[in-house]
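For reference, the structure is listed below as structure tokens.
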Amino acid sequence: LTYMTRFSEAIASGIEGLKLNRINIASPFLPTFLSEVLRARRSVKRLGVENFSNLSKLDNPKIEKSLEIMNSLATPTFLTDKNLFVINGLKMFNLTMRHGMSVYGPNSIMMYGVVNSAAFRNYDAAYHIAVPSMDLGKTYATSSRAMGRIFFVVGMLINWLKRPLDESI
């Protein structure tokens, strides 16, 4: 649906699909935001960004399917509902930190970097978190499309905040 710009339908379908796996990204924003931010910050503090590559491999098909749905929701939520984009990105990151690395792991880490930039204007943290997702993508991403997405988002939304533009793209 997203390739047809039917974003509202794609988002509604994604939300319903996630609910089947007991994941609710459409819950009230502020309490969900606060709990997900605290969970994410604890994970970063506990693991350290440099150790994201040491996460165990995800072995839960329901969580992997949920991450796939959330990954598909990134673009339509970014374009239509910034609050939902932030919650989706935080939950995606937290699922990866809790359950392990998958093909969606590098993207979830990159999305947490984007959340740090967009929601908190913390460009140092965004850069520190998102740039390593490019290296993780080389290991875990299974397609050039997935790698391209990571490189594009990091280059266009994060990297330029810390480096000259001609080095960012």
Side-chain angles (χ1 to χ4, degrees), residues 1-29 31-44 46-47 49 51-116 118-119 129-130 132-154 157:
L1 295 173
T2 58
Y3 68 92
M4 298 167 56
T5 63
R6 293 168 50 189
F7 296 142
S8 296
E9 289 175 73
I11 291 169
S13 296
I15 287 171
E16 290 307 309
L18 290 170
K19 284 180 181 176
L20 293 173
N21 287 339
R22 298 184 180 180
I23 297 172
N24 186 3
I25 63 169
S27 52
F29 178 74
T32 304
F33 174 76
L34 293 174
S35 68
E36 294 297 329
V37 164
L38 291 173
R39 190 173 293 129
R41 288 186 175 174
R42 279 194 302 262
S43 292
V44 170
R46 186 181 81 246
L47 293 172
V49 173
N51 294 315
F52 287 167
S53 61
N54 297 330
L55 287 169
S56 62
K57 186 174 179 348
L58 174 66
D59 63 356
N60 183 327
K62 283 180 115 176
I63 297 297
E64 186 152 16
K65 182 51 77 175
S66 296
L67 287 168
E68 180 183 355
I69 292 168
M70 295 167 101
N71 191 56
S72 296
L73 288 173
T75 300
T77 57
F78 181 79
L79 294 172
T80 62
D81 186 338
K82 299 298 191 252
N83 288 345
L84 194 55
F85 171 79
V86 167
I87 297 300
N88 185 56
L90 287 168
K91 283 193 179 271
M92 197 171 170
F93 177 78
N94 287 329
L95 284 172
T96 297
M97 294 297 109
R98 192 173 328 129
H99 296 282
M101 191 61 73
S102 69
V103 297
Y104 305 105
N107 203 47
S108 71
I109 292 167
M110 176 266 304
M111 284 184 59
Y112 183 56
V114 172
V115 167
N116 270 277
I129 291 164
S133 70
M134 295 189 301
D135 289 331
L136 287 171
K138 293 173 188 173
T139 304
Y140 290 96
T142 57
S143 70
S144 57
R145 181 175 181 242
M147 278 301 301
R149 181 182 196 163
I150 292 168
F151 275 76
F152 175 79
V153 171
V154 171
L157 299 179

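The first residue of the sequence shown is numbered 1, and numbering continues consecutively from there.
- For NZ of K82, the number of neighbouring non-hydrogen atoms (other residues, nucleotides, ligands) closer than 6.0 Å is greater than 12.
- Contact of the E64 side chain with the V103 side chain is registered, since non-hydrogen atoms from C-beta on lie closer than 4.5 Å.
- With rounding to the nearest 0.5 Å, the separation of CD in E36 from OG in S27 is 8.0 Å.
- Looking at residues two or more places apart in sequence or on another chain, you find a side chain to side chain contact (heavy atoms under 4.5 Å, CB included) between N71 and M92, Y104, N107, R149.
- A 4.5 Å side-chain heavy-atom check between I63 and R98 finds every atom pair outside the cut-off.
- The CG atom of N54 sits 11.0 Å away from atom CZ of F52, with the distance rounded to the nearest 0.5 Å.
- At least one side-chain heavy atom of L55 sits under 4.5 Å from a side-chain heavy atom of L47.
- Once rounded to the nearest 0.5 Å, the distance linking CZ of R42 with CE of M97 reads 14.0 Å.
- For the side-chain contact (heavy atoms from CB on, under 4.5 Å) criterion with F29, the lone passing option out of D81, I87, L34 is I87.
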How far apart are the C-alpha atoms of S102 and L67, what are their side-chain angles, what is the distance that settles it, and do they pass the side chain to side chain contact (heavy atoms under 4.5 Å, CB included) test? CA-CA 9 Å; S102 69; L67 287 168; 3.8 Å; yes
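- To the nearest 0.5 angstrom, K19 atom NZ is 13.0 Å from I69 atom CD1.
- Between the side chain of S133 and the backbone N or O of A130 there is at least one donor-acceptor pair closer than 3.5 Å.
- Looking at heavy atoms from C-beta onward, R41 lies in side-chain contact with Y112 at the 4.5 angstrom threshold.
- Here the side chain of N21 pairs no donor or acceptor atom with the backbone of G17 at under 3.5 angstrom.
- Residue pairs meeting the ring-ring contact (aromatic ring centres under 6.0 Å, His included) criterion with at least one member in residues 56-80, sequence neighbours excluded, are F78-F85.
- Counting heavy atoms from C-beta outward, M111 and V115 have side chains that stay 4.5 Å or more apart.
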Evaluate side chain to side chain contact (heavy atoms under 4.5 Å, CB included) for K91 paired with T32, printing each intermediate quantity in order. CA-CA 9 Å; K91 283 193 179 271; T32 304; 3.9 Å; yes
Could you give me the CA-CA distance, side-chain angles and deciding distance for E68 and K65, then say whether side chain to side chain contact (heavy atoms under 4.5 Å, CB included) is met? CA-CA 5 Å; E68 180 183 355; K65 182 51 77 175; 2.8 Å; yes
Working for side chain to side chain contact (heavy atoms under 4.5 Å, CB included), residues I109 and M101: CA-CA 10 Å; I109 292 167; M101 191 61 73; 3.8 Å; yes
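- The backbone N or O of L84 lies less than 3.5 Å from no partner atom in the side chain of N88, so there is not a single donor-acceptor pair.
- Side-chain contact between L18 and N24 is absent, with no heavy-atom pair separated by less than 4.5 Å.
- From S43, atom OG reaches atom CG of L38 across 11.0 Å, with rounding to the nearest 0.5 Å.
- The two atoms that bring S108 and T96 nearest to each other are OG-OG1, 2.8 Å, heavy atoms only.
- Across all non-hydrogen atoms, the minimal contact from G113 to I129 is N-CG2, 3.9 Å.
- Here the shortest heavy-atom pairing between A40 and L90 reads CB-CD2, 4.4 Å.
- Side chains of T77 and F7 form no contact here, defined as non-hydrogen atoms less than 4.5 Å apart.
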